[in-house]
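Source: prediction; values computed, not measured. The figures that follow rest on heavy atoms only: side chains count, while hydrogens, waters and symmetry mates do not.
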Amino acid sequence: MSGAQARVGVGTRFVYDGDVVEVIELTATSAGNEVVLQDGSGQIRRLTLKELLFSDRARLIPADPGPAADDVEQVASVILGQLRPEERRLVEHRAEHVREVLTGYRSGTPAIAREGEPCREYADGEPLTSRYAAKAAELGVGERSVRRWVALFREHGAAGLAPRKGATSTPAALADGRWVETALEVMVEHTGRSRPSRTLVIERTRARVIARFGPGVVGQPSRATAFRVLAELERRHPLFRLSTKRNRDIAERPEGPYGKLRPTRPGEYLLMDTTRLDVFAFDPLTLKWVQAELTVTMDWYSRCICGIRLTPVSTKAMDVSAVLFECFRPRPAGPDWPKHAVWPEHGIPRTVLVDVDRAEGPGLASPPLVPETLVVDHGKVYVSEHLTSVCQRMGISVQPARLRTGRDKGPVERFFRTLREGLLEALPGYKGPDIHSRGENVEGEAFFFLDELEAMIREWTAAIYHCRPHAGLVDPGLPGLRMSPAQMFEHGIARAGYIEVPRDPDLAFEFLPTKWRTVQHYGVEIDRRRYRGAGLPAPGIRSPYAGPVKNGWPFQVDPDDITRIYFRAPDTRVWHALTWEHAPSMQIPLSEDALAFARKLAAAKYRYPDDRLAVADLLERWNLGLGTTLAERRMALRISREQTGLGLPEPGGATCGSLGSVRRALGQAEVPAAAAEPVAEAGDDDDADLDDLTPEEDFYADALEDV
């Protein structure tokens, strides 16, 4: 069971209006599910389950220990951020030995085992006591130290192995880790080519390291050391000893049986992956064509999509954290979504509700889940120390897929294909899965903004994908029954017999990256942005942290909304929000990329620009206040009217053309008579300027030609 969750049932205790109460009964009424509570004096109360779970008057008292926002332990990113390079190497070294004690493998999994693993002392079946003794003798430390390392690793992950006091020296490595990784990269590139010599690989690695990091940045090993490093990498990726055909077979073969993991309930296994979409997207801020990447999380048991995020160009670690947190707190459903596509806001399937209409609220876009195991690939954004330590603290097990084996995440890979065939192929501007399938002028046919494309994918997933029967969703007791992901989720809830809720909403701040800054008389400055707010320490107070900045304090920053940062007071363990000094002039979030673009525009226009001028110009530019070119004004006008002039045929049945987000993006949504006349925009556009624009019916005739 995940450490970030708590089971709600008979015997669960809450604090309600200051009194400690206990659930003694759960009943289903015409108004929905209700609970009967009893306090210490024997007084009985009856509340709705929604009031008990989501009201600010109620607070859950977990029966078992687990992570909470007021824990004495620091956030994983804060602990890891205080480490010097030699201390970080020590933590990685200890973590490898702890994983070998627990599993027999330094990596923690037999899928990527090193040569000679598992050793006889750590083989499966050996008791832990003998493993502790063997590891203590191997490392030359006390058995008590090994036991303490294992306990800290099980509770806090790699962050628990960080030294708390002083600095600890580590043995020097034979070569720089960046040089080793680059050498392995060069070796992998030669898998399908003729076998090279070791000298050629060394020379190409040396040239690539200089081109990537700069001359003199990464230390180049001697020729003898480089040969020894290649000999070590040979065991990880054969290239020199065996024949080239044999090397290709080893690189492509699966390292274990397919379908080993068998989920038995929702939330047991969550698949997460990222793919490059086959539709061009348009960035409304920079007014440039960009590639779009889609990151999703899928519940393996029900095939329900629990998190979606569309990012321009590439996916960052922060995007992965946001998708993972969306499983805990799903986004609200669209206002015009069909009823069958909306999930109840309390997470309980409709089949167990007596009166659905009275128990439902605004609704969610996906079912809420507390994941137990996360299956990811070996990308840097998925195996970062921050994300893995946060998952360890939350009680979420991270299960890396096998190298170069897409079958380990087969269901989510199949979802990407279903998305392409069910939605993307029907959209204008579809460029195909490869260069051989692309049309003559795909970029000139149509485009969609990033927010429009993400809204289409979310609605299509909720309205069509979740409600369509899936051939792989079957009940062994009823082999002829084909269920949809939504029906399978309800089936899983009925099988599990309980619901799971996050034990503390403040745990969301731990998904954000940490930045270290000092506190000045004017507040905190991060990337030339100044923040102030309640709970900020006085400038004269010395920081208790030994971070990378002298007398620095840790602040959690959301790159997608820089109007606020978050700080946890070390004495009260309470989170505080600090506001940017220019945030009152804005009514919408602002990302780091948008501010960087605004500063670039202001630097070209003003002699002494500041952030206030830059943000004001960006907002006016975004809302038709300033358009430097006719094409730019037209692109902004497309944003303000939320429509395009492109048409899409609507085939029969429930297809993507029937989605409200697609109709709005394609200009097919019905406009009320009262809204026929556009409202005048505030800014530099007056009536004379608007008269210069082309008429409405000819507006999109040459818009793409200007681009």
Side-chain angles (χ1 to χ4, degrees), residues 89-128 130-139 146 149-150 153-154 157-158 161 171 173-175 177 180-181 183-188 190-191 228-243 246-262 269 271 373-380 382-385 387-389 391-392 396-410:
R89 288 192 293 269
L90 174 62
V91 170
E92 296 173 354
H93 180 69
R94 287 181 178 177
E96 288 183 353
H97 286 290
V98 170
R99 285 192 289 264
E100 186 175 16
V101 170
L102 296 176
T103 65
Y105 302 92
R106 293 286 182 94
S107 62
T109 173
I112 49 176
R114 301 181 185 179
E115 184 177 0
E117 290 183 347
C119 299
R120 181 178 56 83
E121 295 83 358
Y122 313 110
D124 190 16
E126 291 291 331
L128 278 178
S130 62
R131 298 187 186 189
Y132 293 150
K135 183 56 67 175
E138 177 185 347
L139 300 179
V146 177
W149 293 349
V150 172
F153 183 83
R154 283 177 167 175
L161 301 177
L174 292 178
V180 175
E181 292 299 326
L184 182 61
E185 177 183 320
V186 174
M187 294 174 63
V188 171
H190 284 82
T191 300
R228 287 194 293 267
V229 172
L230 293 184
E232 178 67 22
L233 296 179
E234 175 74 11
R235 292 192 289 267
R236 298 170 56 183
H237 186 82
L239 183 64
F240 306 110
R241 295 184 297 106
L242 306 176
S243 64
R246 179 59 176 168
N247 292 336
R248 289 194 298 268
D249 293 340
I250 295 176
E252 296 175 359
R253 69 185 180 186
E255 300 181 7
Y258 173 68
K260 183 178 181 180
L261 300 178
R262 298 293 181 184
Y269 295 105
L271 307 174
T373 301
L374 191 64
V375 181
V376 297
D377 56 21
H378 295 266
K380 292 184 178 180
Y382 293 112
V383 296
S384 62
E385 291 181 345
L387 182 62
T388 54
S389 295
C391 290
Q392 186 75 20
I396 304 174
S397 174
V398 179
Q399 176 67 44
R402 292 171 294 182
L403 294 175
R404 298 177 296 276
T405 306
R407 293 182 293 271
D408 284 357
K409 297 186 276 65

Dump the intermediate steps for side-chain contact (heavy atoms from CB on, under 4.5 Å) on Val376 and Val398, then the final yes or no.
CA-CA 7 Å; Val376 297; Val398 179; 4.0 Å; yes

Across all chains, not counting sequence neighbours, the side-chain contact (heavy atoms from CB on, under 4.5 Å) partners of Arg241 are Glu234

Identify the heavy atoms of Arg131 and Thr103 that sit nearest to each other, and give their distance.
NH1-N, 4.2 Å

Output the distance between atom CG (Leu374) and atom OG (Ser397), rounded to the nearest 0.5 Å.
9.0 Å

Side chains of Leu239 and His190: does their closest heavy-atom pair fall under 4.5 Å?
yes

I'd like to check Leu102 versus Phe153 (side-chain heavy atoms, cut-off strictly below 4.5 Å). Are they in contact?
yes

Can you list everything that forms a salt bridge (Lys or Arg N to Asp or Glu O under 4.0 Å) with Glu126? Sequence neighbours excluded, please.
none

Using the side-chain contact (heavy atoms from CB on, under 4.5 Å) criterion, which residues pair with Glu185? Sequence neighbours excluded.
Glu189, Arg208, Arg212

Looking only at heavy atoms, which two atoms of His378 and Pro400 are closest? And how far apart?
CE1-CB, 3.7 Å

Pairwise side-chain contact, Val98 with Arg154, heavy-atom cut-off 4.5 Å (strictly under):
no

Of all the heavy-atom pairs spanning Glu117 and Gly104, show the shortest one and how long it is.
CB-O, 4.1 Å

Lys135 vs Tyr122 side-chain heavy atoms within contact, under 4.5 Å:
yes

For the student: nearest non-hydrogen atoms of Ser130 and Pro127, plus distance
OG-O, 2.8 Å

Taken to the nearest 0.5 Å, the spacing of Arg94 CZ from Leu161 CG works out to 7.0 Å

In short, Met187 meets Leu230 closest at the heavy-atom pair SD-CD2, 4.0 Å

Heavy atoms, side chains only, cut-off 4.5 Å: are Phe240 and Leu233 in contact?
no

Contacts of Ser107 meeting side-chain contact (heavy atoms from CB on, under 4.5 Å) (sequence neighbours excluded), chain-then-number -> Tyr105, Thr109, Ile112

Tell me every residue that passes ring-ring contact (aromatic ring centres under 6.0 Å, His included) with His97, counting only those two or more places apart in sequence or in another chain.
His93

Side chains of Glu100 and Cys119, heavy atoms from C-beta outward: is any pair under 4.5 Å?
yes

Taking the side chain as C-beta and beyond, is there a heavy-atom pair between Val150 and Tyr132 under 4.5 Å?
yes

Contacts of type side-chain contact (heavy atoms from CB on, under 4.5 Å), residue Gln392, not counting sequence neighbours
none

Residues in salt bridge (Lys or Arg N to Asp or Glu O under 4.0 Å) contact with Glu96, at least two apart in sequence or another chain
Arg106, Arg114

Quick one: pull up CG in Leu271 and NZ in Lys409 and give me the separation to the nearest 0.5 Å.
8.0 Å

